[in-house]
Structure formats: C-alpha cells, structure tokens
Amino acid sequence: SGNGAREARDPSSPLKRFAQAKDAIRRAFQHLSERLAESQSFLQAAQLGSDGGGVSSLVQRTQEIQKVLSRDRMKVAFFGRTSNGKSSVINALLHGRVLPVGIGHTTNCFCSVVGGEGSEGYLLIGDSPEKRSVKSLQQLAHSLSSQHLDPSELVRIFWPKTKCPLLAEDVEFVDSPGVDMNANIDDWITKHCLDADVFVLVSNAESTLMNAEKNFFHRVSERISKPNVFILNNRWDASDSSDLAEGGEEGEGGEGIDSAGPRLMEQVMQQHLERDIKFLTGELSVTDEQTASHRVFFVSAKEVLHYRLRKHQRSADPGQGLAPGYRARLQNFEQFERRFKECLSSSAIHTKFEQHHKQGQTVVGELSQLLANQDSLLRQRREEVRIELGACQSRAQQLAQNKPSLVASGDHLVSMAMGQVGSFQSKALRD
Ligand code: GDP
C-alpha cells in the first residue's frame, strides 16, 4: 500500500537498473562457475593433477566474488551538523519513522539501515553477532542511547523490507554523527565512506554551510576521486514560514498576499544555490556547474514525512497543517529522490560491478590459458602414447612374422633332441 509500495513496483525506478545489472552479472558468474566445474572434473579425469590442473584456485576465487556480489548494495551516506535533519531525511525517503529523530545523542554513532527479512526489525552493534530485537522506535532509541558507543562505531539496523519497499531494492542508508562533533574524521572516512556511492550533505537552510561541513567534504574528496555529493538545504519550511513569507502562496485566500515575502525567499534561495554550486565546483571540484545545479535542493524532510505518513493513512488532505509553500518543497524533495536514485544506481553499477567484471575477465583469461597449457600437455602425451603404441605394434608384427621360422626351428630342435634321446635309448639297450 501507499507510495512506498508503488515505488517498489515501478519498473522504471532507476534503482531497478542496479537489480537488473546485479542479476545479469550474477548469472554470468553462475555460468562461469559451471564451466569451471566442468573443466575441473575433465582435468581430474585426464589425471592432470589432483587439483584439476590448477582450476581449484579459480573456483575458489569465483566463489569469493559471488559471495561479495550477493552482499553488494547501493550505499548512500548522510552527513551534516547535528540536528540539521539527517535522520529525518532518511525517514522521509523510507516513508516511515525508522530512525529516532531529534535526540542528538542517539545518533552519536554511525547507523546503517538495510532491509531485513521477517516482520520485525533487529540491530547488530559493531562486530557483535548478537541480534537485538527492535519492535518500536522508542526501543531503538533506548537501545542506541543506552550503549556507550564510539562515534565511529557502526550500528546496523535491519528493518523489515515488507515495511519499507525501498529497502527491498538493495539500498543501504548510513546516518552519521554530526560533523560538528570533534571526531576523527579520517577514521570515519576509512570505515564508512570509501564504498559509499552517494553522499548527501544535509545542511540547514537557515544558515550557510559551516566550515566543519566543508572540511569534511574536502577530506572525503581527497580520498575518493570525484565523490557524488548532493546538498539538501533542509528545514526550508522554517525559512519559508517565517515572517519572510508570511501568508505564502498556498494560503486559502490567494488575494492580498504580501509578494515581498516570496520575492525575498527567492533571493535567499538564489544565494544558497550560488554558494552551494560554488562549493561543489570551485572548492571541491567534484563536478561541473551544470551537474552541480541539479545537485542542490530546498526541502523540508519533516513535512515530507508528515505528508507521506498521512497519505499512507489515506488522509483526504495529507498536506493539512503544513506551512505555506509545502507543495514546492515536496516537489523539490521528489526531484532530489529521482536524481539521487539515478546517480546512486549508475555509480553503484560502475563502482561495484566493474571490479567484479574485471576479476571475472581475469578468471576467464586464466582458465583459457590453463586449458591451452593442458591442451598442449595432452597433445604431447597423445603423441608419446602414439609413438609407444607404434613401437609395440611393429614389435608385435615382427614377432608374428617370425612365428613360422620360430616354430620350424623349434620343431627342428625337438626332432634333434628326440633323435638324441633315441640313440641314447638304443645305446642303453645294446649295453
Ligand atoms: P539529525 O541530528 O541531523 O539527525 O537531525 P534530526 O533528523 O534528528 O532532526 C533534528 C530536529 O529537527 C528534530 O526535532 C526534527 O523534527 C527537526 N527537523 C528535521 N527536519 C526538519 C525540517 O525540515 N523542518 C523543521 N521545521 N524541522 C525539522
């Protein structure tokens, strides 16, 4: 039911491309492992070494790739200062209250949300295999806050795929502690960012980008070449509903609206936009100006979640009670979703599967080299056997040809011996 389920059934969803690519590459590796098994048993039968003539190591490597492949997900990581709304953005994307919101300390560590089987969520903390059940958000908040976790520690939340169809599409969302916290940023990057496909900087629309936020992304782009960065100017409702936009354009009575509000908002938005684009292009140099303009959005995660939850409840007016101008913010969020999903799936296909593709090609190359070597070995053996067989044959022929003369000389010897025996006998009788 609801948007989430519709989204999951949408065959044009950009995320589907990842699933399709994963399926194609999974089948290719399946095919490869079948050919490897055939080669192995053929070489074993030909008695070219008990390890199947070196195929065993290729089988092992292929199994490793298949394991990694089955775990491959599209990973999107959210950064920004505490309380800018990172958890709220993730919840809005998931169409549900999954992460606790507004309690800074609960997200004092990294929280990853992935799809889980079954009808109930559970947590894994750090490397511990102990599954902690999470039935409610309060319980999750309590579980997180009762732990004394290192800020770079990872808490993995397995949330039922049935509750969040987006999670059934192999997406992993990672919420981070605020970049304003005095943390070991390099440690964060090593542990949680190197395999992220998309980074979302959740900024506060009420202020400009802070140095802590900028520094973090500078460090990321030193380690990852051209990371995909999106900037969400969140809490745009708070700016929009302030006295700047009093009586905004969505109000009941359209007349008499003070047009100075929206105009001023437009200017503020333009300033943010220019600064954000400058940050992505001039400062970080991660993208060109045109792409950057499609990477900056003005949203209200809080409103989007409110709207979506009410829609799921089949409310006749899901936007009821939201600040004026909410529709534009909602649309901007939807645009962000579309663009970030496109970027996410193409980046993940590229970064995750390209490696597997290269490794697969190496295995195929090594297998054909190995078979070529074994083939020449087999040819050599065949030649040796052929020569040996030839020698045997000619010897056998020789023997066969010599048989009559051998028989004759045998007969002659026998008659000679008999004659000898006869003469001995008559001599014995005479004496
Ligand atoms: P985080 O610390 O970055 O994860 O921020 P949270 O998602 O926990 O949000 C911090 C507080 O800001 C909470 O009280 C949210 O309800 C509120 N908040 C989040 N997004 C918005 C928004 O778009 N508009 C408004 N007005 N409040 C928001």
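Along the sequence shown, the residues carry numbers beginning at 1. Hydrogens, waters and symmetry mates are skipped; everything else that's a heavy atom, side chains included, is used. Order of listing sets the numbers, starting from 1, for every ligand and every atom in it.
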Residue of the set Arg386, Arg379, Arg381 for which side chain to side chain donor-acceptor pair (under 3.5 Å) holds with Glu383:
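The single option meeting the side chain to side chain donor-acceptor pair (under 3.5 Å) with Glu383 is Arg386.
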
Do any nitrogen or oxygen atoms of [X] lie less than 3.5 angstrom from nitrogen or oxygen atoms of ligand 1?
{"X": "Asp237", "answer": "yes"}
{"X": "Gly85", "answer": "yes"}
{"X": "Glu303", "answer": "no"}
{"X": "Ser83", "answer": "yes"}
{"X": "Ser88", "answer": "yes"}
{"X": "Ala301", "answer": "yes"}

Tell me yes or no: between the side chains of Asn204 and Asn234, is some donor less than 3.5 Å from an acceptor?
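Absent: no donor and acceptor within the cut-off.
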
Would you say Arg338's side chain and Pro14's backbone share a donor-acceptor pair under 3.5 angstrom?
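Checking the backbone N and O of Pro14 against the side chain of Arg338, no donor-acceptor pair under 3.5 Å is found.
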
Taking only heavy atoms of [X], which atoms of ligand 1 are found under 4.0 Å from at least one of them?
{"X": "Ser87", "answer": "4 (O), 7 (O)"}
{"X": "Arg81", "answer": "3 (O)"}
{"X": "Ser300", "answer": "22 (C), 23 (O), 24 (N)"}

Qualifying residues under side chain to side chain donor-acceptor pair (under 3.5 Å), relative to Arg339, sequence neighbours excluded:
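For Arg339 there are no side chain to side chain donor-acceptor pair (under 3.5 Å) partners, ignoring immediate neighbours.
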
Salt bridge (charged side-chain N to carboxylate O under 4.0 Å, His left out) between Lys191 and Glu153, worked out
CA-CA 9 Å; Lys191 282 189 173 160; Glu153 189 102 60; over 6 Å; no

Counting heavy atoms only, which of Val299, Val304, Val101 comes nearest to atom 15 (C) of ligand 1?
Val101

Hey, mind stepping through Cys343 and Arg295 against side-chain contact (heavy atoms from CB on, under 4.5 Å) and telling me if it holds?
CA-CA 10 Å; Cys343 180; Arg295 295 264 169 105; 3.7 Å; yes

To the closest 0.5 Å, what do you measure between CZ (Arg223) and SG (Cys193)?
9.0 Å

